*Asks:* 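Have a look at this one before I ask anything.
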There are 2 protein chains.
Amino acid sequence: MSAITVLLVDDHLVVRSGLKALLGTQPDIDVVAEAATGEDAMVKAEQHSPAVVVMDLAMGEGMDGIEAIKQLRRRNGKQAVLVFTTYDSDADIVRAVDAGAMGYLLKDAAPEEIFAAVRGAVQGKSVMSAPVASRLFQQLRNPDEVLTPREAELLSLLTVGLSNRELGRRLFISEATVKTHLAHIYAKLGVETRAAAIATAIRREGMR
Amino acid sequence: MSAITVLLVDDHLVVRSGLKALLGTQPDIDVVAEAATGEDAMVKAEQHSPAVVVMDLAMGEGMDGIEAIKQLRRRNGKQAVLVFTTYDSDADIVRAVDAGAMGYLLKDAAPEEIFAAVRGAVQGKSVMSAPVASRLFQQLRNPDEVLTPREAELLSLLTVGLSNRELGRRLFISEATVKTHLAHIYAKLGVETRAAAIATAIRREGMR
DNA sequence: GGCCGGATCAGCCAAAGGGATGAGAGACCG
DNA sequence: CGGTCTCTCATCCCTTTGGCTGATCCGGCC
């Protein structure tokens with residue numbers, strides 16, 4: 001039987017190299033190409049039509065991982081995309097799943113976990129690391145804690161250090177509305193001050 | 001002639017595996033051991049007495065990289081420590097160099113750069129990635145922008161979202177003093193609000 | 001000894017932020 | 001159609017923050 005063909009996408013050579021070494025130990029898995037950027041990933045996917053694409057989300061300049069996933073799925077729905085990243089931020093997970101990712105692994109995952117995810121992906125099975133799954137699960141249980149699109153937008157601007165007045169100007173809404181949104185955000189994040197909100201946003205929500 | 005012995009320390013198996021694969025291509029470099037935690041690194045260093053220790057700074061639970069460097073240098077000054085990490089935060093660089101690191105590489109470094117750093121380290125030569133060097137250089141040019149120890153301490157507490165009153169209580173100083181420190185910090189970071197200070201602290205100074 | 005930088009504190013004032021409450025417009029859904 | 005959600009705005013009130021100025025103490029340093 002033929003091996004599962006894999007395309008690795010990660011801006012760090014070391015990580016690609018490590019993944020290749022690990023996956024190389026498995027006879028039924030075959031790394032056929034690598035890419036360091038989202039753009040490059042498109043080209044390589046076209047050339048090799050891999051069964052599985054293992055992709056990092058954070059990728060320096062240019063196209064980010066989420067965008068890359070979307071484009072891949074638009075062009076060729078048959079390729080299964082596995083996210084392989086360092087952080088388990090709520091926002092990233094949701095966005096990746098939304099974009100069509102088949103699985104979500106963290107970089108400290110055990111080799112067996114990675115192998116299983118690759119094999120599962122070609123069979124349409126979705127595999128995710130335990131911490132990731134528990135986060136998704138928690139969001140399902142407490143939908144009240146999920147930010148609305150507008151709130152998320154505001155929060156992301158908040159993390160660059162804008163004042164309420166500036167936030168209002170940026171979003172074309174009154175300062176009063178900004179304060180209302182903020183109050184809701186604070187409640188959902190479980191914080192009481194703007195400072196704490198920024199801290200949790202950058203750290204937990206991965207808004208960097 | 002005998003090969004340069006290397007100990008790899010990184011909490012991510014993939015990264016260790018990648019480094020091992022890369023360094024393995026060089027006949028004069030020999031990876032003799034790996035460790036996933038700072039504690040483990042101490043044990044392995046003791047057992048193998050490697051010439052060079054390649055170490056990540058961020059390491060999940062327990063001892064962090066900086067602490068590990070300090071202890072290594074205290075126990076056996078002959079081992080050269082190379083920092084190999086994802087971020088080039090000002091604070092981390094200074095702390096690592098302070099702790100006695102011989103070089104500072106970023107994870108997106110080219111293989112040749114890594115090889116050169118390892119070889120240089122055994123000869124007492126210090127090698128660092130370009131972005132890292134330029135940051136250090138910039139600090140030398142503008143010493144006015146370097147935070148004092150007390151200011152850095154305050155800033156790090158600031159990023160968890162404390163109020164001035166709380167900061168004062170934590171540091172056993174009056175609220176007035178907190179405000180003075182903050183004013184200095186704002187000036188040095190080039191920001192005007194606490195929110196922006198937190199944002200830059202977490203992102204640029206790497207206080208996560 | 002005089003000078004300087006770091007750390008500490010105080011008081012004052014204007015600006016910004018945060019809590020509470022109420023309320024209207026539009027979208028979506030059963 | 002009525003309920004629910006999201007987004008929008010307003011007002012009142014109190015707390016917190018930020019800007020400014022000036023001051024003391026201590027440890028190095030020339």
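Just so we're on the same page: letters track the sequence lines, and every chain starts at 1. Keep in mind the model is a prediction, meaning the values are calculated, not measured.
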*Asks:* Expressed in angstrom and rounded to an integer, what is the separation of R194(B) atom CZ from dA15(C) atom C1'?
*Replies:* 14 Å
*Asks:* From C-beta outward on A176(B), which listed nucleotide comes closest to its side chain: dA7(C), dC9(C), dG19(C)?
*Replies:* dC9(C)
*Asks:* Taking any atom closer than 4.0 angstrom to a non-hydrogen atom of chain B, what span of DNA chain D does the protein reach, first nucleotide to last?
*Replies:* dT16(D) to dG19(D)
*Asks:* Salt bridge (Lys or Arg N to Asp or Glu O under 4.0 Å) with R169(A): which residues, sequence neighbours excluded?
*Replies:* none
*Asks:* What residues form a side chain to side chain contact (heavy atoms under 4.5 Å, CB included) with E166(A), not counting sequence neighbours?
*Replies:* L162(A), S163(A)
*Asks:* Can you check the L182(A) CG to dG17(C) P distance for me, whole Å?
*Replies:* 9 Å
*Asks:* Which residues within residues 161-172 of chain B lie with some heavy atom under 4.0 Å of an atom in DNA chain C?
*Replies:* none
*Asks:* Can you pull the salt bridge (charged side-chain N to carboxylate O under 4.0 Å, His left out) pairs that have at least one residue in residues 100-111 of chain B, sequence neighbours excluded?
*Replies:* D10(B)-K107(B), D56(B)-K107(B)
*Asks:* Any donor and acceptor pair, going by atom type alone, linking the side chain of S17(A) with main-chain N or O of L13(A) inside 3.5 Å?
*Replies:* no
*Asks:* Taking side chain to side chain contact (heavy atoms under 4.5 Å, CB included) as the definition, give me every residue that meets it alongside V127(A), ordered by chain and number, with sequence neighbours left out.
*Replies:* A117(A)
*Asks:* Ignoring hydrogens and geometry, is there a side-chain-to-backbone donor-acceptor pair from R73(A) to A68(A) under 3.5 Å?
*Replies:* no
*Asks:* Between dA10(C), dT8(C), dG17(C), spot the one nearest the side chain of I173(B), thanks.
*Replies:* dT8(C)
*Asks:* Quick one: list whatever passes side chain to side chain contact (heavy atoms under 4.5 Å, CB included) with M102(B), sequence neighbours left out.
*Replies:* A80(B), S126(B)
*Asks:* Heavy-atom count around E192(A) CD within 6.0 Å, excluding the residue itself: above 12?
*Replies:* no
*Asks:* Please report the end-to-end axis angle for the helix from dG1(C)-dC30(D) to dG30(C)-dC1(D), five pairs per end, rounded to 10 degrees.
*Replies:* 40°
*Asks:* Among residues at least two apart in sequence or on other chains, which ones pass side chain to side chain contact (heavy atoms under 4.5 Å, CB included) with K44(A)?
*Replies:* L7(A), A33(A), A35(A), D40(A), Q47(A), H48(A)
*Asks:* Pick the nucleotide of DNA chain D nearest each of K179(A) and E151(A); which residue has the one closer to the 5' end?
*Replies:* E151(A)
*Asks:* Has the side chain of T5(A) got a donor or acceptor atom that lies under 3.5 Å from a matching backbone atom of A51(A)?
*Replies:* yes
*Asks:* Using a heavy-atom cut-off of under 4.0 Å over every strand shown, decide if H181(A) touches base, sugar-phosphate, or nothing.
*Replies:* base
*Asks:* Please tabulate, one pair per line, all N/O donor-acceptor pairs under 3.5 Å involving side-chain atoms of residues 170-178 of chain A, not counting sequence neighbours.
*Replies:*
residue : atom : partner : partner atom : Å
S174(A) : OG   : A176(A) : N            : 3.2
S174(A) : OG   : T177(A) : N            : 3.2
S174(A) : OG   : T177(A) : OG1          : 3.2

*Asks:* Got a sec, which residues hit side-chain hydrogen bond (donor to acceptor under 3.5 Å, both in side chains) with S129(B), two or more places apart in sequence or on another chain?
*Replies:* E113(B)
*Asks:* Does atom CD of E46(A) have more than 12 heavy-atom neighbours from other groups under 6.0 Å away?
*Replies:* no
*Asks:* Using a cut-off of under 3.5 Å, enumerate the N/O to N/O pairs linking the protein to nucleotides 20-23 of chain C.
*Replies:*
none

*Asks:* Want to settle it: does T177(B) or E175(A) sit nearer the 5' end of DNA chain C, counting the closest nucleotide to each?
*Replies:* T177(B)
*Asks:* Figure out the NE2/P separation between H184(B) and dA7(C), and round it to whole Å.
*Replies:* 10 Å
*Asks:* May I ask you to evaluate whether T148(B) reaches the phosphate of dA7(C), defined as a side-chain N or O under 4.0 Å from OP1 or OP2?
*Replies:* yes
